[in-house]
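Report on one structure; see the data block that follows.
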Amino acid sequence: MNEYAIERNSSKSIHYFELLIALAKKDLKVRYKSASLGFMWAILNPLLMMVVLSIIFSLVFKVKTEAPYSVFVLCGLIPWTFFNFSLSCATNSIVDNSNLIKKVYFPREIIPISVILANLFNFCLSLIILFIFLLIFKIEITIYYFLAPIAIIIQFFFVCGMCLLTSGLNVYFRDVRYIVEAGLLFLFYLTPVFYPVQMVPERFRDIFMLNPMAGIIVFYREIFLNAHLPSLYLVTTTTISSLLMFIVGFYVFKKCEPAFADLI
């Protein structure tokens, strides 16, 4: 009986994983279906933003960075774009998939996580472009690059937590998607995407670094641009805050889940 139950649970897990991958593929296809350049927009978006920010902040406001400013800002834009697009798309994902939710049972968290996986694919494509820029600007490739998967995992848990939280609450309160849009714009300026964290006054820096995205972007820059091992304090605090966000997001989502079918 136990062996049968284990085999049945294993079969369900495989089925749910296949559903997760299928939904992620569908999200990618639908997103770029009518675009002539298709997946190229996943790369062009951060590149175009990099050009704009480079002109404004390196030529006009003259922000000083150790690395060439174009690479510096691209190293912040790529993880920010992953976070921004994931949260923007996932917040309304449960409502957008109401027909699927009403037809068959499956763990509902698969839907927002599939959106994150689709954006993770775009993120990996963008990292290739970052590596090309690192080579163009002759920035040394070091052993610290192997720490990149740790940064990606930390960010993945944080993004998952945020997306589960907002997608669950959005079913109850449809204003959440608009709050998220405004909040992302506000958070963009509170995250060191286009400026170094050293520009933040030291007396405010500890509070500033409570934003997990700030720690995540500093982590990427340390390993890609500065050839430094990120401080243990930075890694620990960023990991803990990201995991806490995931736990809170998952808890709220599961609390909201039973009423999804009735409310959408």
Side-chain angles (χ1 to χ4, degrees), residues 23-24 26-35 41-42 44-46 48-49 52-53 56 76-102 107-123 126 155-194 207-208 210-217 241-242 244-264:
L23 287 173
K26 176 191 169 187
D27 184 81
L28 283 170
K29 288 177 181 177
V30 169
R31 188 180 306 179
Y32 300 110
K33 182 170 143 184
S34 57
W41 281 111
L44 287 174
N45 274 320
L48 291 172
M49 193 68 173
V52 173
L53 291 175
I56 295 172
L77 274 173
I78 289 174
W80 172 261
T81 302
F82 170 40
F83 168 67
N84 185 13
F85 281 6
S86 295
L87 192 57
S88 297
C89 299
T91 296
N92 210 47
S93 61
I94 299 296
V95 176
D96 289 340
N97 287 275
S98 57
N99 291 335
L100 182 60
I101 288 174
K102 290 177 179 179
R108 308 310 192 198
E109 59 269 23
I110 284 178
I111 292 176
I113 292 176
S114 69
V115 174
I116 300 168
L117 283 183
N119 284 287
L120 182 63
F121 174 78
N122 292 339
F123 174 70
S126 299
Q155 183 173 9
F156 182 80
F157 274 99
F158 173 66
V159 173
C160 276
M162 288 293 295
C163 291
L164 288 171
L165 176 67
T166 59
S167 61
L169 291 176
N170 188 59
V171 176
Y172 282 80
F173 312 103
R174 300 300 169 88
D175 289 342
V176 169
R177 63 183 297 187
Y178 303 107
I179 295 171
V180 166
E181 289 175 7
L184 282 170
L185 181 61
F186 180 71
L187 190 61
F188 177 72
Y189 292 100
L190 290 179
T191 303
V193 176
F194 57 91
I207 298 173
F208 179 84
L210 290 176
N211 169 13
M213 278 306 301
I216 288 165
I217 287 176
S241 58
S242 297
L244 283 175
M245 187 68 252
F246 176 78
I247 292 168
V248 170
F250 187 78
Y251 175 80
V252 171
F253 187 90
K254 296 309 280 185
K255 282 289 185 181
C256 296
E257 183 180 1
F260 284 174
D262 296 326
L263 293 174
I264 59 176

Q) Nearest heavy-atom pair of Lys255 and Tyr172: which atoms, and what distance? A) O-OH, 4.4 Å
Q | Side chains of Val180 and Met162 in contact at under 4.5 Å (non-hydrogen atoms) | A | no
Q) Should Val115 and Cys163 count as side-chain neighbours, where that means a heavy-atom distance under 4.5 Å? A) no
Q. Once you round to the nearest 0.5 Å, how far does CD1 of Ile113 lie from CG of Leu164?
A. 5.5 Å
Q: Nearest 0.5 Å please: distance from the CD1 atom of Ile101 over to the CD1 atom of Ile110.
A: 11.0 Å
Q) Roughly how far, to the nearest 0.5 Å, is the CZ atom of Arg177 from the CG atom of Asp96? A) 7.0 Å
Q: Please find out if less than 6.0 Å separates the ring center of Phe85 from that of Phe123.
A: no
Q. What's the shortest heavy-atom distance between Ala118 and Ala24, and which atoms?
A. CB-O, 3.7 Å
Q. Which heavy atom of Ser86 sits nearest a heavy atom of Val159, and at what distance?
A. CB-CG1, 3.6 Å
Q.
Is there a side-chain contact (heavy atoms from CB on, under 4.5 Å) between Trp80 and Leu187? Walk through the geometry before answering.
A. CA-CA 10 Å; Trp80 172 261; Leu187 190 61; 4.0 Å; yes
Q | Where Pro79 and Ile217 come nearest, the two heavy atoms and their spacing | A | CG-CG1, 4.0 Å
**Q.** Polar side-chain atom of Ser114 near backbone of Ile111 as donor-acceptor pair, under 3.5 Å
**A.** yes
(Q) Between Phe253 and Phe260, is the ring centroid distance below 6.0 Å? (A) yes
Q | Nearest non-hydrogen partners of Ile116 and Phe82, listed with the distance | A | O-CE1, 3.6 Å
Q: Run the numbers on Cys256 and Val171 for side-chain contact (heavy atoms from CB on, under 4.5 Å), then give the verdict.
A: CA-CA 8 Å; Cys256 296; Val171 176; over 6 Å; no
Q) Which distance, rounded to the nearest 0.5 Å, do you find between the CD of Gln155 and the CZ of Phe83? A) 8.5 Å
Q | Nearest-0.5 Å distance, CZ of residue Phe194 to CG of residue Leu77 | A | 10.0 Å
Q: Side-chain contact test, heavy atoms from C-beta onward, threshold under 4.5 Å: evaluate it for Leu28 versus Asn122 and give yes or no.
A: yes
Q: Indicate yes or no: at least one non-hydrogen side-chain atom of Thr81 is less than 4.5 angstrom from one of Ile78.
A: no
Q | Name of the residue among Asn92, Asp175, Thr91 meeting side-chain hydrogen bond (donor to acceptor under 3.5 Å, both in side chains) with Asn170 | A | Asn92
Q. Do Leu117 and Phe156 come within less than 4.5 Å of each other through their side chains, counting heavy atoms only?
A. yes
(Q) How long is the straight-line distance from CG of Asn84 back to CG of Leu185, given to the nearest 0.5 Å? (A) 9.5 Å
Q: Side-chain contact test, heavy atoms from C-beta onward, threshold under 4.5 Å: evaluate it for Lys254 versus Arg108 and give yes or no.
A: no
Q. Just wondering, do Val95 and Arg174 contact through their side chains at under 4.5 Å, heavy atoms?
A. yes
Q.
Tell me whether the count of non-hydrogen atoms from other residues, nucleotides or ligands lying under 6.0 Å of OH in Tyr178 goes above 12.
A. no
**Q.** Closest approach of Leu190 to Asn211 (non-hydrogen atoms, all atoms of both residues)
**A.** O-ND2, 3.5 Å
